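Take a look at the structure below.
Since we're looking at a predicted model, the values are computed, not measured. Naming: A, B, ... by sequence-line order, numbering from 1 per chain.
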There are 2 protein chains.
Amino acid sequence: MLADAPEPVRGDARTVRVTINHLADALGLSKGTVSRALNGYPDISEITRHRVVRMAERMGYAPLAHAQAIRTGRVRALGIVLQIGEHDAQRPFLAEFLAGLTAAASAESWTLTLATAPTEAEALVTMRRLIDERKTDGFILPRTKVDDPRIALLRALDVPFVLWGRTGDPTGCAWFDILGEDAMGEAVMRLQDMGHRRIGYLGGGRGFNYSVLRHEGYRSALEAVGLEYDPEIVCESAVTVEEGAAAGRRLLAGPRPPTALVCATDMAALGVYRAVAEAGLEVGRDVSVIAYDGIPEGAYATPQLTTFEVDSREAGARLAQLLIRRIRGEAPEDLRETAHARLRLRASDGPPSMTSEELRERLSRATTRV
Amino acid sequence: MLADAPEPVRGDARTVRVTINHLADALGLSKGTVSRALNGYPDISEITRHRVVRMAERMGYAPLAHAQAIRTGRVRALGIVLQIGEHDAQRPFLAEFLAGLTAAASAESWTLTLATAPTEAEALVTMRRLIDERKTDGFILPRTKVDDPRIALLRALDVPFVLWGRTGDPTGCAWFDILGEDAMGEAVMRLQDMGHRRIGYLGGGRGFNYSVLRHEGYRSALEAVGLEYDPEIVCESAVTVEEGAAAGRRLLAGPRPPTALVCATDMAALGVYRAVAEAGLEVGRDVSVIAYDGIPEGAYATPQLTTFEVDSREAGARLAQLLIRRIRGEAPEDLRETAHARLRLRASDGPPSMTSEELRERLSRATTRV
DNA sequence: TCGCTTGCCGAAACCGGTTTCGGAAACAAC
DNA sequence: GTTGTTTCCGAAACCGGTTTCGGCAAGCGA
């Protein structure tokens, strides 16, 4: 012990833990036998194994993960590195997501080690540190990009991981994802069914894989229903209210304005609300909006936002389970799951009150008047 | 190895780690000596210690926390258990807070173990599990209550902890807190200065310690400026937009309505916005509002919300540092820090446009008209 | 010169597990 | 009755550290 350091708080008051030695003594077995019995080695008789398991339960024995780790190299901990910039730290689903992750992890008596990094580069460094220090047996990678350096790193280091989302090159990747492309497609079909013939699109964050998928879902659904894909009413990327509003203004100002907009994110949709209001129009009647995410603000907005809701808690739970199976050695190809977003029908979409031409007419009158 | 289990993913590709044995060999010392040198034992000559430290740096040696833990019982991990209910999972500051925690922790090469629980009772169970399994050396306790069972548990088990907030019985507690009472007081003074004579209050969550403090800050400031404390214009608890709106309506409907409202939470303030608008009044002119928290929605609301902003990232960082010092043995009494919230002057407060009487008159006309 | 500290380090036990190895006992085959 | 095979368990090494203990050599005082 250090000479003049204060005495560390120890917490000795808690009852002494049952170790594998106590268990072995109580059973009259060697600790090696007990260990093998508990770990399913084939050279233990079923009778003995049964005795050991029962006694372990009775005495409340559970091995210390970090003591096991010294030999096995695995600490029974999942890792996640959140990239949190200066002020983009708005994450409506973070709590739900973490709840799912930790619930599923602790059900298997694993834990979650959480770290953060301000930039992508620092995230890589942080991951390396966690790996080197064996703090984590594998990673959950949120916000996957089409070309994601984190994946490259983990592949190179042969560290297990699972994606929240998909990615450009799926080799060696396990994942859970919501089929955003299907959602966007469904939105288009629904709007077309209701009579819309000019349906615009506001895309997601640049570089993220989900953006590519949703955009493609939009495009191919247009094709399926026989509508033209027109870059004039498509905004590549809009992920904040401001960007959504700007994009909304721009698309509405075009020569053939959209009577409906499909948005890859709710935030963008809320921006569209602003642009529509500014133009003296009404969302849900004059311009329909269907978005994606399910943020709480959408339910409070006027009109309430029709959107595809993602169950973040479920996603977290699935990801934790997948990662644990991956760490245990299952092949990544067998660990790819997807689910559908749930359409929350609310009030921001409806049959068009006018055609694109009428809308343009109306808009030009409004602007000249102002 | 289990007979028919798949081969666990090992990550052997990563370069072999430098262990204390490698270091000892390279130095021609015994590993015990190396260990003592690195841990500041007094029976190592300065020359040797220096050699060891330099070589450790050169070879990139860092001890494995879990290997140390087997002997020391400490894993260099901070713990936090977030209570996340079914759908109250709206936590605007969670990401920032976690960023602060993990940044400060990793600066000392500690990590964060995160868990969640749906209820308080389950949180206690989860904490016990983390303690029993030695996953954590101490806890950060968010959302402290006046009488907090988590504190009782950790006190009984003699496990180090630090509060984010204060509590009823401070015995043995270390904490970091923002002086919410000062903020509420300042709000009252400011409003009084501007000419308000009827200043109402919307309190925070029931049972939480911050609610008591902020309420008391409001009350004593009223006294200090010579205004009456009137339960008629005080709502004990309002923490959602809905509750805030309901409280706003109730207070405004009274015989002597407030011309200004101090809110313990921004959410309540946004509810007040709604109530004021419904009454045909304007926030910032007819009714002033000053709140507390600094949620992003406040800056986007109309009018922009004047509020006391809390730096969650800073709080996380301070808490991590305090907890580490606590675990290292410093006395809790020496680990109590506070800071002030930062007043963001925006547009929701101003001189009263009318007196309480005039306001009542105006309101009664409005309601009869409707 | 002798004994007694003191400074400094090596050796070994130890923490709580896992894993390898070898061998006794039971069983089967010849 | 031998001689293999299995079955099943104990013993011991091992993982990567920490901590205790003992002892050598240098320094000191008498």
Side chain of [X], heavy atoms from C-beta onward: which of [options] has the nearest atom to it?
X     : options                : value
A/A67 : D/dG16, C/dC9, C/dG16  : C/dG16
A/I70 : D/dG10, D/dC15, D/dT19 : D/dC15
A/N39 : C/dC9, C/dT18, D/dG10  : C/dT18
A/K31 : D/dG16, D/dC9, C/dT18  : C/dT18
A/R71 : D/dT19, D/dA13, C/dC8  : D/dA13
B/T48 : D/dC8, C/dC8, D/dG10   : C/dC8

For [X], report the nucleic acid contact type (base, sugar-phosphate, nothing); a contact means any heavy atom under 4.0 Å.
X     : value
B/T33 : base
B/T19 : sugar-phosphate
A/S30 : base

In Å, rounded to the nearest 0.5 Å, how long is the span from SG of A/C173 to CD of A/E333?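 Between atom SG of A/C173 and atom CD of A/E333 there are 9.5 Å.
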To the closest 0.5 Å, what do you measure between OG1 (A/T19) and CG (A/L64)?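 With rounding to 0.5 Å, OG1 (A/T19) is 9.0 Å from CG (A/L64).
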To the nearest Å, give me how far apart [atom1] ([X]) and [atom2] ([N]) are.
X     : N      : atom1 : atom2 : value
A/H50 : D/dC9  : NE2   : C1'   : 19 Å
B/Q68 : C/dC14 : CD    : C1'   : 16 Å
A/L23 : C/dT18 : CG    : P     : 11 Å
A/Y41 : D/dT6  : OH    : P     : 21 Å
B/H22 : D/dG16 : NE2   : C1'   : 10 Å
A/D43 : C/dG22 : CG    : C1'   : 12 Å
B/L64 : D/dC15 : CG    : P     : 13 Å
A/I47 : C/dA26 : CD1   : P     : 14 Å

Classify the side chain of B/R74 and the base of D/dT18 as holding, or not holding, a donor-acceptor pair under 3.5 Å.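 No pair found.
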For C/dG16, does the base pair up with any side-chain atom of B/R134 as donor and acceptor (N or O, under 3.5 Å, distance only)?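 No such pair is found, so the answer is no.
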If the cut-off is 4.0 Å, is A/S35 near the phosphate of C/dT19, judged by side-chain N/O to OP1 or OP2?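 It does not, given that no N or O in the side chain of A/S35 lies less than 4.0 Å from OP1 or OP2 of C/dT19.
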Taking for each residue the nucleotide of DNA chain C bearing the nearest heavy atom, is the 5' side occupied by A/V18 or by B/V34?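 Closest to the 5' end, via its nearest nucleotide, is B/V34.
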Test item: side-chain donor near acceptor, B/T116 and A/T102, under 3.5 Å: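 Side-chain D/A pair, B/T116 to A/T102: present.
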When you check the side-chain N and O atoms of A/T111 and B/T113, is any donor under 3.5 Å from an acceptor?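 A/T111 vs B/T113: no donor-acceptor pair found between side chains.
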Upstream residue (5' side of DNA chain D) when B/A62 and A/I44 are each assigned their closest nucleotide: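 The residue mapped nearer the 5' terminus is A/I44.
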Just checking B/D147: does its CG atom have more than 12 heavy atoms from other residues, nucleotides or ligands closer to it than 6.0 angstrom?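 Atom CG in B/D147 is not packed in, count stays at 12 or less.
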A/R150 and A/E120 ion-paired at < 4.0 Å: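 No, this pair does not count.
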